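First comes the structure, then the notes that go with it.
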2 protein chains.
Amino acid sequence: MTIFVDMDEVIADTYMAHIDWYNRDLQQCLTLEECMGKEVWQSIPEEHVDYLRDQTNQDGFFRELAVIPDSQEVLRALHEKHDVYIASAAMQFKNSLREKADWLDEHFPFIPWQNRILCGHKHILKGDILIDDRAYNLEAFDGRGIQFTSPHNIHTSGFERVTSWKEIGEKLL
Amino acid sequence: MTIFVDMDEVIADTYMAHIDWYNRDLQQCLTLEECMGKEVWQSIPEEHVDYLRDQTNQDGFFRELAVIPDSQEVLRALHEKHDVYIASAAMQFKNSLREKADWLDEHFPFIPWQNRILCGHKHILKGDILIDDRAYNLEAFDGRGIQFTSPHNIHTSGFERVTSWKEIGEKLL
């Protein structure tokens with residue numbers, strides 16, 4: 001079985017990094033709770049949105065992301081049983097390419113370069129399962145789409161949903 | 001129709017860059033003719049092979065590659081008619097990721113980030129046509145594989161072959 005796994009907000013905590021950087025750089029006190037059901041940029045004053053959009057162009061943003069809990073253990077077990085690929089729509093942010101490769105080397109060294117994909121559209125992926133937080137990626141995928149819960153998608157319906165890597169392990173191992 | 005196009009030795013002249021860097025750095029006089037039917041590393045003394053392998057880790061190697069003749073004009077026309085994706089097995093060389101993105105921005109700005117793929121294995125690509133110089137990529141692809149002639153593959157058989165971008169234009173436009 002071929003399984004594609006998204007990076008941001010599935011194995012890497014991009015959402016919390018947006019909040020942390022925002023609070024640190026603009027001296028704010030935004031909480032995760034205030035953002036639930038929205039994108040981070042929808043949860044802040046309009047005059048701060050340009051700053052937020054530019055975070056992803058900053059050196060280190062993608063390199064320092066926290067790992068989503070239990071993703072390492074479950075992905076390692078999945079990798080031993082199935083063909084697991086990391087698939088990130090990273091081409092949007094050129095400075096993220098090297099940082100994402102380095103981040104995977106640090107946190108997911110058991111996923112070899114042959115099984116890493118930095119792309120744009122995900123409908124060009126041929127396989128059985130896509131685990132992703134974004135509805136537009138899951139819709140376009142020609143296979144079983146599993147939506148990984150992220151603060152921005154808690155009100156999205158229409159997809160098989162998982163809220164933790166433990167749950168993925170129970171479904172797929 | 002979805003068309004995947006490889007980078008190295010299809011739109012970017014990696015092969016000639018290996019020879020040029022080798023001649024410049026080790027004061028050699030290797031010619032393209034001496035390499036025909038072989039990889040560059042098979043065409044040089046064994047004591048130079050480590051140097052050659054390390055070229056792809058050098059800053060600038062992938063950034064300065066020459067464009068394969070007519071690839072820009074034909075790809076632009078293909079892009080207007082079909083879904084064209086650039087698909088490079090770039091994950092093997094981490095330092096190449098940014099250089100390849102910058103190179104595409106310079107020479108193929110009409111291919112947007114959504115249509116660029118840096119990957120490892122190419123059998124995960126879902127589409128109609130793959131244009132590639134490597135037999136192992138074409139064999140694994142689930143569609144029409146077109147082998148682009150490169151010095152190293154002139155004796156390979158078993159695939160539909162093109163020797164120039166003009167020929168690709170005649171076939172696909």
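Source: prediction; values computed, not measured. Note on naming: letters A, B, ... go to the chains in the order of the sequence lines (proteins, then strands), and numbering restarts at 1 for each one.
- Residues passing the ring-ring contact (aromatic ring centres under 6.0 Å, His included) test with B:F110 are B:F108, sequence neighbours excluded.
- One hydrophobic cluster, built from ILVMFWY side chains closer than 4.5 Å, cannot hold both B:F148 and B:L130; they sit in different ones.
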Check every N and O of chain B against chain A and note each donor-acceptor pair under 3.5 Å, with its distance.
{"residue": "B:Y85", "atom": "OH", "partner": "A:H123", "partner atom": "NE2", "Å": "2.9"}
{"residue": "B:K94", "atom": "NZ", "partner": "A:D102", "partner atom": "OD1", "Å": "2.4"}
{"residue": "B:K94", "atom": "NZ", "partner": "A:D105", "partner atom": "OD2", "Å": "2.5"}
{"residue": "B:D102", "atom": "OD1", "partner": "A:K94", "partner atom": "NZ", "Å": "2.4"}
{"residue": "B:D105", "atom": "OD2", "partner": "A:K94", "partner atom": "NZ", "Å": "2.5"}
{"residue": "B:Q114", "atom": "O", "partner": "A:H121", "partner atom": "N", "Å": "3.0"}
{"residue": "B:L118", "atom": "N", "partner": "A:L118", "partner atom": "O", "Å": "2.7"}
{"residue": "B:L118", "atom": "O", "partner": "A:L118", "partner atom": "N", "Å": "2.7"}
{"residue": "B:H121", "atom": "N", "partner": "A:Q114", "partner atom": "O", "Å": "3.0"}
{"residue": "B:H123", "atom": "O", "partner": "A:K126", "partner atom": "NZ", "Å": "3.3"}
{"residue": "B:H123", "atom": "NE2", "partner": "A:Y85", "partner atom": "OH", "Å": "2.9"}
{"residue": "B:I124", "atom": "O", "partner": "A:K126", "partner atom": "N", "Å": "2.7"}
{"residue": "B:K126", "atom": "N", "partner": "A:I124", "partner atom": "O", "Å": "2.7"}
{"residue": "B:K126", "atom": "NZ", "partner": "A:H123", "partner atom": "O", "Å": "3.4"}

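- Contact tally against chain B (heavy-atom pairs below 4.5 Å) for A:A90, A:G120, A:G127: the top residue is A:G120.
- A:M1 is not connected to A:L138 by any chain of hydrophobic side-chain contacts under 4.5 Å among Ile, Leu, Val, Met, Phe, Trp and Tyr, and they are in different clusters.
- Of the inter-residue distances, the one linking B:I111 atom CD1 with A:M91 atom CE reads 11.5 Å to the nearest 0.5 angstrom.
- Tracing side-chain contacts under 4.5 Å through hydrophobic residues (I, L, V, M, F, W, Y), one never reaches B:V84 starting from B:F4; they form parts of separate clusters.
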**Message:** Assess the residue pair A:I117 and B:I117 against the criterion (side-chain contact (heavy atoms from CB on, under 4.5 Å)); give the C-alpha distance rounded to whole Å, side-chain angles, the decisive distance to 0.1 Å, and a yes or no.
**Reply:** CA-CA 7 Å; A:I117 306 160; B:I117 306 160; 4.1 Å; yes

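- Connection of B:V74 to B:V67 is established within a shared hydrophobic cluster, with ILVMFWY side chains joined at heavy-atom distances below 4.5 Å, either directly or through further cluster members.
- One hydrophobic cluster holds both B:L75 and B:I129 under the rule that ILVMFWY side chains link at heavy-atom gaps under 4.5 Å.
- Considering SG of B:C119 and CG of A:L125, their distance stands at 9.5 Å, rounded to 0.5 Å.
- Chosen from B:P112, B:A101, B:A89, B:A87, the residue pairing most often with chain A at heavy-atom distances under 4.5 Å is B:A101.
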